[in-house]
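Contents: one structure, followed by commentary.
In listed order, ligands and their atoms are each counted from 1. Residue numbers count from 1 along this sequence. None of the values given here were measured: they were computed from a predicted structure.
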Amino acid sequence: MKTKVMEIDEKNPQIERVTEAAEYLAAGKLVAFPTETVYGIGANALSEEAAANIYKAKGRPSDNPLIVHLADWEQLPEYVTDISVQARQLAAAFWPGPLTMIFKKRENISGEITGGLDTVGIRIPIHPVARAILRACNLPVAAPSANISGKPSPTEFAHVLEDLDGRVDMIIKSGSAQVGLESTVIDMSGARPVILRPGGISKAMIEAVIGPVDMNRGQLADQEIPMAPGMKYRHYAPKGKIHLLPLADFDTTLRELKKQLTTAQQRGKKTALLVPDEYAREFPADICFDLGPEQALEEIARHLFDGLRFMDLNEIEDIFATSYPETGIGEAIMNRLKKAAGSVSKI
Ligand code: TXA
Ligand code: MG
């Protein structure tokens with residue numbers, strides 16, 4: 001398949017280009033587009049065939065449901081039922097934005113998209129290019145992250161091109177994703193809301209609006225049925241081994257990084273650090289991916305997936321990363337790092 005690359009300016013989306021992308025979607029084609037969280041691969045959610053093509057393009061198991069993207073809140077009742085007061089409050093507070101809510105689906109959303117579940121995840125993104133395209137096509141657009149299954153989600157156009165060139169009909173070239181981690185997923189279809197995936201909208205932000213919610217930690221025992229089907233697949237895993245150091249003060253962490261790095265290098269391993277700049281400046285630049293200032297968690301989040309991809313591009317075998325406080329977006333950063341690492345290392 002020949003992939004068309006089309007650049008759209010996020011400050012001022014060119015109408016004729018937006019229209020062309022919308023026409024591709026309406027014709028059942030696959031279009032990778034930017035959102036504020038990560039880039040997504042979009043397809044018309046009302047076409048089973050288009051949705052099936054997403055699974056092929058990503059190499060994704062078809063029992064892992066897709067999120068459906070809408071332009072406006074008014075479209076929601078066309079596709080879902082039982083919209084609770086709490087869901088309305090969350091929508092008012094965080095939509096458009098990096099929040100996905102799960103509802104009971106209507107018949108027009110096919111089980112092909114929801115992995116056979118009777119619920120569907122809905123998101124209204126705020127990215128100007130995503131919004132313009134969704135408005136122009138006036139369709140619900142199913143869109144998972146635009147990576148090949150098992151790779152980190154793409155936060156830059158270059159990542160999408162690397163994974164999907166020749167696999168989708170169009171890739172929209174735009175700037176890097178603002179949030180850099182996938183949306184917060186909250187299940188609003190049951191008696192009590194449950195966060196299935198932490199993201200840019202933290203538990204505390206949600207609780208400030210609707211009161212206490214549960215958090216599915218994702219550390220599921222084998223016999224448990226995962227609540228977000230995506231959790232059962234290995235995610236965000238670079239080819240090398242990530243050693244995630246436990247949270248500690250600067251001196252302890254620095255000492256440990258130096259010790260572990262030396263040991264790995266003595267074993268002849270190609271080694272690198274995935275760390276905030278306070279640590280990066282203590283080591284040679286060519287073995288560090290600098291995520292940004294330690295206190296600036298938003299910046300760390302924005303650079304994390306680029307850092308994971310950097311490790312693969314450079315065929316790093318041993319990767320040493322530091323932990324972050326699990327508050328605000330730190331929750332989501334640690335969730336992704338733990339998944340990538342498998343667990344936190346012991347000192
Ligand atoms: O930020 C995002 O959410 C990005 C952008 C493109 O919008 N999309 C994204 O989609 O990350 P995806 O498919 O890579 O991740 C969706 C996650 C998966 O873990 C999936 O299992 C879960 O949401 N999910 C989707 N529908 C669900 C449902 N009905 N019930 C439970 N979990 C669901
Ligand atoms: Mg994904």
- Item | Candidate list L274, T155, L291, test side chain to side chain contact (heavy atoms under 4.5 Å, CB included), partner H303, passing option | L291
Using a 4.0 Å cutoff against the non-hydrogen atoms of [X], which atoms of ligand 1 qualify?
X	value
I102	27 (C), 28 (C), 29 (N), 30 (N), 31 (C), 32 (N), 33 (C)
R60	12 (P), 13 (O), 14 (O)
S145	8 (N), 9 (C), 10 (O), 12 (P), 14 (O)
S183	1 (O), 2 (C), 3 (O)
T119	28 (C), 29 (N), 30 (N)
L117	28 (C), 29 (N), 30 (N)
A143	6 (C), 8 (N), 10 (O)
E182	1 (O), 2 (C), 11 (O)

- Query: Got a sec: is N147 within less than 2.8 Å of the Mg ion (ligand 2) via an N/O/S atom?
  - Reply: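 No - counting backbone and side chain alike, N147 has no N, O or S atom under 2.8 Å.
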- Between H159 and N147, a side-chain donor and acceptor under 3.5 Å: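 Their side chains do not contain a donor-acceptor pair, so the 3.5 Å distance test is not met.
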- Query: Quick one: are L139 and L134 in side-chain contact, heavy atoms under 4.5 Å?
  - Reply: no
- Message: With a 4.5 Å cut-off on side-chain heavy atoms, are I148 and R167 touching?
- Response: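 Yes, close enough: below the 4.5 Å cut-off.
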- Could you pull out all residues at least two apart from F310 that satisfy ring-ring contact (aromatic ring centres under 6.0 Å, His included)?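 F289.
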- Has T114 got any heavy atom lying under 4.0 angstrom from an atom of ligand 1?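 Contact check T114 vs ligand 1: negative.
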- So is H69 in contact with ligand 1, going by heavy-atom distances below 4.0 Å?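 Yes, H69 has a heavy atom closer than 4.0 Å to ligand 1.
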- Query: Under a 4.0 Å heavy-atom limit, does N64 contact ligand 1 with its side chain, its backbone, both, or neither?
  - Reply: side chain
- Message: For the aromatic rings, using the six-membered ring if either is Trp, is the centroid distance between F103 and Y79 under 6.0 Å?
- Response: no
- Message: Counting only heavy atoms not in E282 (residues, nucleotides, ligands), do more than 12 fall under 6.0 Å from its CD?
- Response: yes
- Non-neighbouring partners of D290 that pass side-chain contact (heavy atoms from CB on, under 4.5 Å), sequence neighbours left out: D277, A280
